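The block underneath contains the structure these notes are about, expressed in structure tokens.
Chain identifiers are assigned alphabetically (A, B, ...) following the order of the sequence lines, protein sequences preceding nucleic acid strands; residue numbering begins at 1 within each chain. Keep in mind the model is a prediction, meaning the values are calculated, not measured.
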Protein chains: 2
Amino acid sequence: MSPHPLIVHINKHVHLTEAQVATVLSHFQLQTFAKKEHLIQEGNICKNLFFVSKGCLRLYFMNEKGQEQTIQFALETWWMTDLMAFEKSGESGFSIQALEKVEVMAITNESLEKLLCEVPQLERYFRKVYQRAYSASLLRVKYLYTMSKDIFYEHFASLYPEFVQRIPQKVLASFLGFSPEYLSELRKKKTVEKK
Amino acid sequence: MSPHPLIVHINKHVHLTEAQVATVLSHFQLQTFAKKEHLIQEGNICKNLFFVSKGCLRLYFMNEKGQEQTIQFALETWWMTDLMAFEKSGESGFSIQALEKVEVMAITNESLEKLLCEVPQLERYFRKVYQRAYSASLLRVKYLYTMSKDIFYEHFASLYPEFVQRIPQKVLASFLGFSPEYLSELRKKKTVEKK
């Protein structure tokens with residue numbers, strides 16, 4: 001049997017013994033969600049941190065105009081939660097929704113703390129996960145301040161070409177701060193330029 | 001002799017032996033900078049990660065209008081660098097400048113990797129540092145998308161009242177996306193409301 005994607009991902013950064021693999025897996029719960037189903041609803045207690053084994057998630061909040069504002073996506077091997085709410089078992093400031101049929105490994109904060117004591121090598125793994133997430137977010141803030149929307153789209157599409165095809169146009173437009181119509185125009189323009 | 005602020009901060013999260021404290025300190029270099037001096041210049045190789053022992057730093061970049069856009073501050077016990085450039089020893093996409101006379105502990109990426117092998121407990125410490133930084137940045141992105149500037153200022157001033165007094169108004173205005181004049185008006189208004 002091939003190892004679970006979570007174990008494959010951890011093993012890229014730290015080596016786990018077979019016993020440790022079993023310990024890790026024992027703390028997680030496999031959960032599946034249908035397309036459009038919610039993993040977390042804004043305002044509810046944020047109980048879980050999710051590792052995406054299959055499919056794609058988005059993180060969004062309701063803005064003051066009552067529109068859903070997507071600010072993050074998670075593909076296979078990415079982690080997602082409202083981290084601040086998760087740590088405090090507080091109310092989530094975001095919703096997390098499945099964009100496709102999704103399979104995740106879910107862990108509670110209590111289980112994670114236990115697991116980090118039992119398998120301290122995971123500190124290194126999560127240090128790397130958060131370090132990468134934080135360094136990307138610094139760049140993200142820079143883009144939010146400075147980049148024109150067209151350039152942000154180009155940048156995003158060149159980094160994640162497959163992804164841009166996978167997610168609904170409406171959701172991608174919200175993430176980029178476009179109207180869906182504008183995004184559609186932009187994509188047509190880019191396709192013509194490529195020919 | 002009282003322990004260095006870096007050791008005090010690490011000891012809040014993990015326990016170090018005396019020998020480990022010595023190892024930690026041996027990997028860092030104490031550096032001091034005068035007010036307005038640069039620790040990193042945008043476009044130069046990003047060699048160091050900084051822990052602020054005394055004073056205050058800002059991280060900024062030059063936007064397309066040729067204006068300095070501040071996107072982050074670091075007070076005592078905060079860490080600062082262009083993390084992505086630091087990891088790759090690449091060109092920094094940001095400048096880091098001292099807002100006051102500053103004392104930092106600087107470490108290169110190579111030294112940090114060595115140190116993490118020699119004192120593996122630090123993985124936990126840095127996991128916590130990055131986790132906190134990442135969870136704060138998620139909230140930051142939400143604010144950038146949604147909050148009115150006045151509310152962002154209020155929020156920021158209530159979280160860091162002492163800090164708002166400490167930093168130059170011009171720099172704070174840039175961070176908040178205000179003109180310095182608007183910020184001055186807003187502060188007068190808030191002072192009047194409090195009376």
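The cluster map of Ile, Leu, Val, Met, Phe, Trp and Tyr, joined by side-chain heavy atoms under 4.5 Å apart, puts A/V8 and A/L16 in different clusters. Note on B/V102 and B/Y60: separate hydrophobic clusters, where clusters join Ile, Leu, Val, Met, Phe, Trp and Tyr whose side-chain heavy atoms are under 4.5 Å apart, directly or indirectly. Note: the hydrophobic cluster containing A/V104 also contains A/L25 (ILVMFWY, side chain heavy atoms under 4.5 Å, direct or indirect links). Linking ILVMFWY side-chain heavy atoms closer than 4.5 Å, directly or via other members, places B/V24 and B/L30 in a single hydrophobic cluster. Residues A/M84 and B/Y160 are members of one and the same hydrophobic cluster, defined by side-chain heavy-atom contacts under 4.5 angstrom among Ile, Leu, Val, Met, Phe, Trp and Tyr.
Heavy atoms of A/A136 lying under 4.5 Å from chain B belong to its backbone as well as its side chain. For B/R140, the part lying near chain A is the side chain, with the backbone staying farther off; criterion is any non-hydrogen pair under 4.5 Å. Neither the backbone nor the side chain of B/L122 comes within less than 4.5 Å of any heavy atom in chain A. Heavy atoms of A/Q121 lying under 4.5 Å from chain B are absent altogether.
The environment of CZ in B/R166 is crowded: more than 12 heavy-atom neighbours from other residues, nucleotides or ligands sit within 6.0 Å. Around the CD atom of B/Q67, the shell of radius 6.0 Å holds more than 12 heavy atoms that belong to other residues, nucleotides or ligands. Open room surrounds CD on B/E110; 12 or fewer heavy atoms of other groups in view lie less than 6.0 Å from it.
Contact tally against chain B (heavy-atom pairs below 4.5 Å) for A/T81, A/N63, A/L139, A/L116: the top residue is A/L116. Ranked by heavy-atom pairs shorter than 4.5 Å toward chain A, the options B/F126, B/F86, B/Y125, B/F94 are led by B/F94.
Atom CZ of B/R124 sits about 4.5 Å away from atom CD of A/E123, to the nearest 0.5 Å.
The closest side-chain heavy-atom distance from B/L83 to A/Q131 is below 4.5 Å. Between A/Q72 and B/V141 there is no side-chain heavy-atom pair separated by less than 4.5 Å.
With hydrogens and angles ignored, the 3.5 Å screen pairs a side-chain donor or acceptor of B/K142 with a backbone N or O of A/G93.
Salt-bridge check for A/E113 with B/K128: failed, with every basic side-chain N at 4.0 Å or more from each acidic carboxylate O.
The shortest non-hydrogen separation linking A/L138 to B/D82 is CD2-CA, 4.4 Å.
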